[in-house]
Amino acid sequence: MTMNDRPSYACRCCPAGTRSAAACGERRLLLGLLALAGVAPLAACSREGEGSSASTGPVEIARDTSCELDGMLLLDYPGPKGQIHYADSPRPVFYCDTVETLNVLLLPEQVRKVSAVYVQDMGKANWDNPQGAWIDARQALYVQGSKRKGSMGPTFATFSQEADAQAFIQEYGGKLLRMSEITPVMVDLRGGANLDDSM
């Protein structure tokens, strides 16, 4: 097949003989620009959405903020609190205790996509009336088994700095853990009866 034998292709936007080559070129350029104008806003929306989910920050507790599990008002009780941000919800869910927060997070049935999880840094917050001092729960240090009680009784004290956690252990006892060391059994909300073989 020679160059002359190949079939010729004509642009359907400019049927043969209806427009000059310059007019066809301008029309193609205009159609291309219109196509790009339609795609650009979609790309911008996509980037904006990605940025907002990646920068999900903690939300402060208000006077009426209640626990997702039992409806208790968070500001009425001592000890560190938690909040979980789900990808499918614009607002976080709050928990009045770190044990509750970890229990929900470590449940095998947990299928909702989690964007962020925060607990309070008890090296900075007042135990009896904790406000602010939110830290990433996945990076936090946990003290299990101390004498200090949270809103639901025994709880995990949470810290951002190991020195603060060790000072807390010196005063109140307990064992230092990282989140990867916490198992669902440690945060089981059903109590110890289900683990007692004598019952």
Side-chain angles (χ1 to χ4, degrees), residues 53-54 56-61 65-125 127-128 130 132-199:
S53 66
T56 304
V59 174
E60 289 306 324
I61 297 169
T65 303
S66 62
C67 178
E68 178 76 5
L69 295 182
D70 52 34
M72 293 168 62
L73 293 175
L74 272 63
L75 289 179
D76 290 346
Y77 297 93
K81 315 294 188 269
Q83 57 180 279
I84 299 178
H85 296 249
Y86 292 104
D88 60 0
S89 177
R91 300 283 301 164
V93 292
F94 288 92
Y95 299 93
C96 58
D97 194 277
T98 52
V99 173
E100 290 179 339
T101 309
L102 293 168
N103 174 268
V104 171
L105 205 59
L106 299 177
L107 279 175
E109 308 87 56
Q110 171 63 276
V111 293
R112 290 175 74 185
K113 183 178 178 189
V114 173
S115 300
V117 185
Y118 297 99
V119 291
Q120 291 175 298
D121 182 355
M122 300 317 290
K124 296 180 180 165
W127 187 278
D128 296 318
W134 295 103
I135 56 174
D136 185 336
R138 294 169 189 180
Q139 304 301 317
L141 299 168
Y142 294 83
V143 175
Q144 179 193 30
S146 80
K147 293 181 235 170
R148 301 254 28 202
K149 305 293 184 218
S151 61
M152 302 302 291
T155 193
F156 283 83
T158 44
F159 299 90
S160 63
Q161 301 296 319
E162 186 167 350
D164 292 336
Q166 293 294 356
F168 180 87
I169 290 170
Q170 285 294 317
E171 188 169 355
Y172 301 106
K175 175 183 177 185
L176 185 65
L177 299 169
R178 304 214 183 289
M179 190 175 200
S180 60
E181 299 172 292
I182 300 172
T183 66
V185 172
M186 292 178 184
V187 292
D188 191 335
L189 296 175
R190 295 172 296 174
N194 65 312
L195 304 175
D196 190 344
D197 295 333
S198 65
M199 294 189 78

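- Contact check for Met179 versus Leu105: side-chain heavy atoms found under the 4.5 Å cut-off.
- Applying the salt bridge (charged side-chain N to carboxylate O under 4.0 Å, His left out) criterion to Asp70, with sequence neighbours excluded, gives no partner residue.
- The list of ring pair (Phe, Tyr, Trp, His ring centres under 6.0 Å) pairs with a residue in residues 157-181, not counting sequence neighbours, reads Trp127-Phe168, Phe159-Phe168, Phe168-Tyr172.
- Between Tyr118 and His85, some side-chain heavy-atom pair lies under the 4.5 Å cut-off.
- Looking at every heavy atom in both residues, Asp121 comes nearest to Ser160 through OD2-OG, 2.5 Å.
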With side chain to side chain contact (heavy atoms under 4.5 Å, CB included) as the test, would you mind laying out the steps for Leu106 and Met186 before giving the verdict?
CA-CA 10 Å; Leu106 299 177; Met186 292 178 184; over 6 Å; no
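- Between Ile84 and Val114 the shortest heavy-atom distance is CG2-CG1, 4.0 Å.
- Here Leu75 contributes atom CG and Ser151 contributes atom OG; the two are 11.5 Å apart, rounded to the nearest 0.5 Å.
- Here the side chains of Asp164 and Lys124 are not in contact, with every heavy-atom distance at 4.5 Å or above.
- In this structure, Lys149 places its NZ atom where more than 12 heavy-atom neighbours from other residues, nucleotides or ligands lie under 6.0 Å away.
- Atom CD in Gln83 sits 9.5 Å away from atom CG in Leu74 (nearest 0.5 Å).
- Shown here are the side-chain contact (heavy atoms from CB on, under 4.5 Å) partners of Gln166, two or more places apart in sequence or in another chain: Glu162, Ile169, Leu176.
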Would Thr65 and Val59 satisfy side chain to side chain contact (heavy atoms under 4.5 Å, CB included), going step by step from the backbone distance to the final call?
CA-CA 10 Å; Thr65 303; Val59 174; over 6 Å; no
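- Pairing each heavy atom of Ser66 with each of Gly71, the nearest pair is CB-O, 3.6 Å.
- Of all heavy-atom pairs between Pro130 and Met122, the closest is CB-CE, 4.2 Å.
- Heavy-atom contacts from other residues, nucleotides or ligands closer than 6.0 Å to CD of Glu181 number more than 12.
- Screening residues 73-82 for salt bridge (charged side-chain N to carboxylate O under 4.0 Å, His left out), with sequence neighbours left out, gives Arg63-Asp76.
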Atom pairs and distances, donor-acceptor, side-chain atoms in residues 92-102, under 3.5 Å, two or more places apart:
from	atom 1	to	atom 2	distance (Å)
Asp97	OD1	Val99	N	2.8
Asp97	OD1	Thr155	OG1	2.8
Asp97	OD2	Thr155	OG1	3.2
Thr98	OG1	Thr155	OG1	2.9
Thr98	OG1	Phe156	N	3.3
Thr98	OG1	Phe156	O	2.7
Glu100	OE1	Cys96	N	3.4
Thr101	OG1	Asp97	O	3.0

Let me have the donor-acceptor pairs involving side chains of residues 132-147, under 3.5 Å, with sequence neighbours excluded, atom names and distances please.
from	atom 1	to	atom 2	distance (Å)
Trp134	NE1	Glu60	OE1	3.4
Asp136	OD1	Arg138	N	2.8
Tyr142	OH	Ala137	O	2.6
Ser146	OG	Arg148	N	3.2

